[in-house]
Every structure is written in C-alpha cells, then in structure tokens.
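Everything below concerns the one structure shown next.
Hydrogens, waters and symmetry mates are skipped; everything else that's a heavy atom, side chains included, is used. Below, chains carry the letters A, B, ... as their sequence lines are ordered, and counting in each starts from 1. Computed from a predicted model, the values in this text were never measured in an experiment.
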Number of protein chains: 2
Amino acid sequence: MTTRKSSGSTTATPAKRQRATSGSASERRDHLVKLAAEIFARKGFQATTVREIATEAGILSGSLYHHFDSKETIVDEVLSTFLDDLIARYRAALESGSDPRTVLSEMVRIGFGTLEPHRAAITVMQNDWNYLRQFERFNYLVKAEDEVEQMWVTQIKAGQAAGQFRTDVDPKLTYRMIRDTIWVAVRWFRPGGRLNPAGLAEHYITVLFDGLATGERTSQRA
Amino acid sequence: MTTRKSSGSTTATPAKRQRATSGSASERRDHLVKLAAEIFARKGFQATTVREIATEAGILSGSLYHHFDSKETIVDEVLSTFLDDLIARYRAALESGSDPRTVLSEMVRIGFGTLEPHRAAITVMQNDWNYLRQFERFNYLVKAEDEVEQMWVTQIKAGQAAGQFRTDVDPKLTYRMIRDTIWVAVRWFRPGGRLNPAGLAEHYITVLFDGLATGERTSQRA
DNA sequence: GTCTATACCGAGATAGAC
DNA sequence: GTCTATCTCGGTATAGAC
C-alpha cells in the first residue's frame, strides 16, 4: 500500500505531504490523479465510479486501492494540488509591493491563468464543493478559502484608502463577485476557444475598473 | 398514480403542464417538491435519497412514488418552475421598450430578485446542472439557457449601437460574466443578511456600469 | 502492481395489502 | 394516500493469489 493519508500541515492545505518521495511510483500516482480529475470534472464526483477511473487507467477497480485508500483521497489530492499552487501565486503577487490596483489586476490575471492548467480541479471545486465540505477531511477547503479572501479584501481596502477605488462599494462583497466571476468561467471556458485566459483577464479588468458605460460617470457617489 | 410526466410544450420549459389541475392534491404535490428542493440544495441531487425526502415529509419512501414516478421527475419540476418564472419576468422587462441600459439594469434586478424566492432551485441548478444535463429529459435546460442568452446579448448589442455601452467589450462574454455573477451569489447569499437582493443588485449595477476605479477613465479604448 | 472473486451495503423502485 | 415488504442493481472496498 503506497497510499498517503491526509494530515495537518503548516501551509493552508494539507495534501502533497511526502511529495518529495518522487520517482516513477509517484509519477504513476500523479497520472492516476490527473485522470480521475478529468472524469470527476466531466461527470461529477459522486457520479464517477472507481470502476470508471480504473477502466480509463487500463486496470481493474481493485487495483486502484493499491494506490489510494478511498475515492475521497483521490479528489482530496486533486483539490489541494490546485489550492497550493493558487495560494503560492497570490502570495508572490502580494509580495511585489505594488499599488493595490496593480496587485488586484495581477490577482485577476492569476485567477484566469489557472483556468487552463487547473481546469479539472476548478470544475470539481465549483460543482462538488458543497458536497465535499460536509466531510471533516475537507475542512481545509474552508480554511484555504478564508486565507484567499483575506488577501483580496485587504487589497481592495488598501485601494480605497489610497483613493484608487471608489469607497461606496463593499470590499467583501466586491471580492466575492470578482472571485465568482473568475472561477465560474470554467463552466464555459474551452482552451483553444475565441479568447484565451489572458484575453479574458484583460476583458474583465477593463469592465471591473472602468465599467461598461461610455462617457461620463452616471453616479460618482464616492 | 397522480404522477405528471415531462413532455414538450410551446414555452421554453416543459414542466408545470396541467398546473391548472389545482386543488389540495396539487398543493400536496407542490409541498413535496418544495421540500425536496431544499434537501437537493443542501446536499446535492445525487446525495439526496428518496428515503430522506420521504422522511422529512413524514411518510415512507414507497409512498413518494404515488406522487412522482422518479427522483428525476421531482428535480425536473423544481428547475422548470424556476425557469418559467424567470423567463416570464425577463420578457416583461424586454417589452417595456426602455433604452438598453434601463432594460439591462432591470434584468440584473430581476436576477438578484429571484435569489430569495428561488434560492433552492438556483442552488440545484448551479451545483447539479452539469450532472443533470447528461439526461435527455433535461434538454430543455439548455434551450432555456439559450433563449435567455439571446435576450441579454441583444440588449448589450443594442446598448453599444446606441452609444450607451463601450464597444470594446464582447457582448456574449459580457453576458456570461453578468449571468455568472448573479447566480453564483446563491452560494453565499443568506436571506436576512447584511444585504438584501435589491441592495446586491444596486451594488452590482454600480460597479458594472461605472467601474471600481475612481476619477478619470484609465483606458477609454472605444 | 495487478488480477480474481466477492463481501457488503444502500440506493431507487415496485407490488399489493390496508 | 400510505404502509409493509422486498427486488434488483450497482456502488465502494477487501482478501489473497499471481
């Protein structure tokens, strides 16, 4: 049994513990996780059977349990891999020390930028979050969410204090709307489509900061 | 067997056929649908068992099948009830003959306005759409989605033609982002919270049309 | 590391009495 | 309109041979 179990850690998400144990065994495991992620994204976590995952991997369902001790463990790895990467990127953006508007733009770009490499994980998170959060082992999802929220809200407030952003909007509410707009895009975003992630990001940044209306501001309430 | 089956119709969604057949039998059925909707929203469609629905209704699972011929039929009724109402409201807004910006604002208000009365249905649609769309019987979901998209995109294009909206944004993409922002709000929206649906709508309309930035436009690309 | 075989359970649904 | 009883299926997971 090569199975790695979920456990606490000092970072925001618990997974990828023992990831240092590389080699071909680890690559095999990673391959299975990626494969499963695609099926989870396509059919939903609960509708995906371990038999299905095994079949697509060219083995039988019993053999999957040599690598993972449960279906939950697989999806756990899918989600935590994504969150680890996302949070690391956000931290880097925050450490640039740029002004709030610049940092916020960069965070928007980071978000849309994950659509391609983490499409499956984001889809699973969007569709199955509500179900998975019921289980203790996925408590870290909420923790990671809180940490990310703090990063965004802090920047929005800083931008308001610096006079870059209008002060008649609610920081937390604004963050939620930005967040939702980015991640939900995974539902219709298709790699190779009319717009790439970078194009989506610039489009959204334009509307977010300057608005859809032409000409003068209709309500400069600030 | 009082069960009503799904069938085609001239409107966008098929359900609520025979809804005229009112009386206490129909009320009982409606009550069961509303009850089921809440559980679907809380636990997800697949994770909800017919036993659970029956228990919360104070009956046994076998008795449920006197009212519905399958679990799918129940969720079908949940979703089509919502879509029928939504599309009817949109149509009314379009028929007002107002300018695009006014109509679009009204459509945003309509969207947020459904959060409270249709919270459960919207939650189910957000979380289980991907799963349900696999089945033929839910093809009408996609049809309804297309009809709604047409309504929005037409208004956005009209606004651009009239000079109300900037022309350097993509109408379809802009629609998707607006749509996503509205519906995903059910994930965190709680009736009785800090902001009511009307407040959310006005907040969003402000940012959507005028942007988050203060002062002059940074990029008036149009 | 994969296979065969199977245990075990809980799901949706049905039949017929009341 | 509800209950009792039960069928059937397909899911996750396990044990041990190879």
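In this structure, A:W183 has its ring center under 6.0 Å from that of A:F82. Between B:F209 and B:F165, the distance from one ring center to the other falls under 6.0 angstrom.
A heavy-atom distance below 4.0 Å to DNA chain D is reached by these residues of residues 48-59 of chain A, ordered by number: A:T48, A:T49, A:V50, A:R51.
Here D:dA13 is the nucleotide among D:dT2, C:dG1, D:dA13 with the atom lying nearest to any side-chain atom of A:K71. Here the nucleotide nearest the side chain of A:L60, chosen from D:dT14, C:dC3, C:dA13, is C:dC3. Of the candidate nucleotides D:dA13, C:dT2, D:dG1, D:dG1 has the atom lying nearest to any side-chain atom of B:H66. Side-chain proximity of A:Y65 to D:dA13, C:dA13, D:dT2: nearest is D:dA13.
Following rounding to the nearest Å, B:I74 (CD1) and C:dA11 (C1') show an atom-to-atom distance of 14 Å. Between B:D69 atom CG and C:dG12 atom C1' the separation is 12 Å, expressed in whole Å. Taking atom CD of B:E72 as the reference point, atom C1' of C:dA13 lies 12 Å away to the nearest angstrom. What separates CG of A:L64 from P of C:dT2 is a distance of 9 Å, to the nearest Å. For the pair A:H31 NE2 and C:dT2 C1', the interatomic distance rounds to 16 Å; values are reported in whole Å. Rounded to whole Å, the distance from CD on B:Q46 to C1' on D:dC9 is 16 Å.
Residues A:W188 and B:D180 have side chains that bring a donor and an acceptor to within less than 3.5 angstrom of each other.
The phosphate of C:dG1 (OP1 or OP2) has no side-chain N or O of A:S63 nearer than 4.0 angstrom. In terms of phosphate contacts, A:R29 brings no side-chain nitrogen or oxygen within less than 4.0 Å of OP1 or OP2 of C:dG1.
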Starting from the C-alpha separation in whole Å, work towards a yes-or-no answer on salt bridge (charged side-chain N to carboxylate O under 4.0 Å, His left out) for A:E56 and A:R42.
CA-CA 13 Å; A:E56 290 218 13; A:R42 195 168 64 238; 3.1 Å; yes

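Ring pair B:Y90/B:W152 is perpendicular by interplanar angle, where above 60° counts as perpendicular and below 30° as parallel.
Both A:G62 and B:A47 lie close to DNA chain C; mapped to their nearest nucleotides by heavy-atom distance, the more 5′-ward contact belongs to A:G62.
Residues satisfying the side chain to side chain contact (heavy atoms under 4.5 Å, CB included) test with A:V33, not counting sequence neighbours, are A:F68, A:E77, A:V78. The side chain to side chain contact (heavy atoms under 4.5 Å, CB included) test applied to A:A54 returns A:I59, A:S61, A:L64, not counting sequence neighbours.
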